[in-house]
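Report on the following structure.
So that the names make sense, note that chain A is the first sequence line, chain B the second, and so on, each numbered from 1.
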Protein chains: 2
Amino acid sequence: MVTKPGSKSGYHHGDLRNALVAAAVELATQGGPERVVLREAARRVGVSATAAYRHFDGQADLLWEVKAHAQVVLADRMEEAARAVAESTDPGAAATSRFLALGRGYIGFAVECPGLFRSAFCPVPAAAAADEDEGGDGDGDGDGGGDGDGPGTVNGGREPQARSFELLVQSLDQLLAHGRMAPGRRPLAEAVAWSAVHGVAELILEGPFAHLPAEERDAVIESTLSVVLAGLAAP
Amino acid sequence: MVTKPGSKSGYHHGDLRNALVAAAVELATQGGPERVVLREAARRVGVSATAAYRHFDGQADLLWEVKAHAQVVLADRMEEAARAVAESTDPGAAATSRFLALGRGYIGFAVECPGLFRSAFCPVPAAAAADEDEGGDGDGDGDGGGDGDGPGTVNGGREPQARSFELLVQSLDQLLAHGRMAPGRRPLAEAVAWSAVHGVAELILEGPFAHLPAEERDAVIESTLSVVLAGLAAP
DNA sequence: GGGGAATGTTAATGCTGTCAACATGGGGCA
DNA sequence: TGCCCCATGTTGACAGCATTAACATTCCCC
């Protein structure tokens, strides 16, 4: 029943939920999670504010959806970065490159889409736990091009940030398998790697590295990744 | 509520600015920066909302003050943790312990005072750059003390988060001086260390490590510090 | 084709930040 | 000492926000 495209007869929008999410995502993209204001999203869609309550529990629920979407985009970005890694004959070098690519993708997303990135980790007031079952959503997500675009086709399954974590786990397993990590470091390696990478991103966005020239900023990123890699390799 | 000095009559508060900052800090301590609402702070001090505008440019300015205060408290916490380190005959071991203490202090503050910690790194809408010189503010301010501790008398010099950075720099210099760090790692070491530690804190507060049992959470912290230390030591 | 339910609209409440106009009284100047 | 000025605090008002209640429209199934 969730007919995607505009079967709009004026009164019934036909795809309000996705349209609202899309508008909210755009708000978040430019301005961060604090700019995700329900009334403004409704205004942009051309609908009264209270219409949103037919599809969301409230502003927090809408923000939650934005957050979930942002995490999906983050994972997409990481995956794409990892896929673009040049193949190497040395599997150890490949594993290392893949790990670095994931980290650069993560931070790159934060730098290029600060609003969305911050939304991916923003605190949402009250957990809107209702997981509605979206029936058949054959999402042909289409790797669409530009960021802005896209419909709001949010994920059906409600499990945030699982995919980026999975990517990291695989990468770390590869590092271990090809002798680029000390076995004793493996257990909590995901936490360590994630923390370092997330910290860089956060400090670039809101912290002391905010006004660093791009060149120096990149040096900080590379340095951090390098140290983590070396630390994981050390016994 | 918390009227500091032997104040005046009912009309003129006598120390409204500091009282408002103190109230705002309390709000931030329990509930984070988004709970720093000007009207509520004024209400708690027992004053009309608009009275705050005699002392602040607006809510953003008040929040800025809270942020600055939070950064001071964070630095205090780190300093205290570092000072509590047991002296060692081995200067290298001492440098390592001091570094670990700083990191644990940083994260410990985040875990114990999440609201304040988040306030220390929250985005403040528009930078309220006006540093007014309060002439007669001379009286000895905070001796410290109980719960709420210090008054709102925030630092005079307006340079946030400088002190914690300085502590880190010193610690890293010690590590280098006593052979616990590869010289090539020194240049951007502060960025690396800060990122890792900040990332752990952030992910514990808002991210995927939020609902970790305390024991495992501590393991993540120790693991991260250990990897960073090893990475900085590796050539 | 009719009726129920899904969807969207207007009206209203209480919160917030912020400005304008008014009130008070403390401290400096005569 | 007395008095006036202005820093400080107050009430009132307005706009924007989230949210609820009551009302209106249209889709879709029987």
Side-chain angles (χ1 to χ4, degrees), chain A residues 1-21 23-24 27-28 31-66 124-126 128 130 132-135, chain B residues 3-21 23-24 27-28 31-66 124-126 128 130 132-137:
Chain A
M1 305 322 174
V2 181
T3 49
K4 284 295 181 60
S7 60
K8 56 190 310 183
S9 56
Y11 200 87
H12 280 21
H13 183 283
D15 195 27
L16 224 201
R17 181 178 229 278
N18 283 336
L20 285 172
V21 171
L27 285 173
E34 53 271 351
R35 285 258 181 108
V36 175
V37 51
L38 187 145
R39 294 175 88 105
E40 174 65 16
R43 214 174 292 137
R44 294 196 174 194
V45 175
V47 93
S48 80
T50 55
Y53 286 83
R54 299 293 178 197
H55 303 274
F56 303 96
D57 282 350
Q59 192 263 359
D61 193 22
L62 177 60
L63 181 56
W64 196 96
E65 216 66 45
V66 171
V124 174
E132 54 246 57
D133 44 350
E134 194 107 7
Chain B
T3 39
K4 274 304 159 54
S7 58
K8 313 297 187 174
S9 69
Y11 202 86
H12 282 22
H13 183 284
D15 195 26
L16 224 201
R17 184 183 169 89
N18 284 335
L20 284 173
V21 171
L27 284 174
E34 54 272 351
R35 284 258 183 107
V36 174
V37 52
L38 186 144
R39 292 178 94 109
E40 175 65 18
R43 213 173 292 136
R44 293 198 174 193
V45 175
V47 93
S48 80
T50 54
Y53 285 83
R54 300 295 176 194
H55 303 275
F56 303 96
D57 282 350
Q59 192 264 357
D61 193 23
L62 177 59
L63 180 56
W64 196 97
E65 217 66 45
V66 170
V124 174
E132 55 244 57
D133 46 348
E134 194 97 13
D137 151 282

Query raised in the report: Got a donor-acceptor pair under 3.5 Å from the side chain of B:Arg17 to the base of D:dT8?
Result: no

Query raised in the report: Nearest 0.5 Å, what's the CG-OH distance between B:Asp61 and B:Tyr53?
Result: 10.5 Å

Query raised in the report: Just how far, in rounded Å, is P of D:dT19 from CG of A:Leu63?
Result: 11 Å

Query raised in the report: Side-chain N or O of A:His55 less than 4.0 angstrom from OP1 or OP2 on C:dG8?
Result: yes

**Report entry** Donor-acceptor pair under 3.5 Å, B:Thr50 side chain vs C:dT18 base
**Finding:** no

Report summary line: Whole-Å distance, A:Phe56 CZ to D:dC17 P, equals 18 Å

Query - Spacing of A:Leu20 atom CG relative to D:dA18 atom C1', expressed in whole Å - result: 15 Å

Query - Whole-Å gap separating C1' (D:dA15) and CZ (B:Arg39) - result: 12 Å

Report task. Can you see which heavy atom on A:Val124 is nearest to which on A:Ala60, and at what distance? Result -> CG1-O, 3.5 Å

Query raised in the report: Between C:dT9, D:dT10, D:dT19, which nucleotide has the shortest distance from any of its atoms to the side chain of A:Gln59?
Result: D:dT19

Query raised in the report: Rounded to whole angstroms, how far apart are CG on B:Asn18 and P on D:dT8?
Result: 13 Å

Report summary line: Winner on side-chain proximity to B:Tyr53, out of C:dT9, D:dT10, C:dT18, is C:dT18

Report task. Mind calculating the distance between CG (A:Leu38) and P (D:dA18) to the nearest angstrom? Result -> 5 Å

Query raised in the report: Heavy-atom distance under 4.5 Å between the side chains of A:Val66 and A:Pro33, does that happen here?
Result: no

Requested in this report: Indicate yes or no: at least one non-hydrogen side-chain atom of A:His13 is less than 4.5 angstrom from one of A:Val45.
Outcome: yes

Report task. Tell me which of B:Arg54 and A:Arg43 sits closer to the 5' end of DNA chain D, going by the nucleotide each one is nearest to. Result -> B:Arg54

Query raised in the report: Quick one: A:Leu16 CG to D:dT25 C1', roughly how many Å, whole number?
Result: 14 Å

**Report entry** Approximate separation, where rounding is to 0.5 Å, of A:Glu40 CD and A:Leu27 CG
**Finding:** 5.5 Å

Report summary line: B:Asp61 CG to C:dC19 C1', in whole Å, measures 17 Å

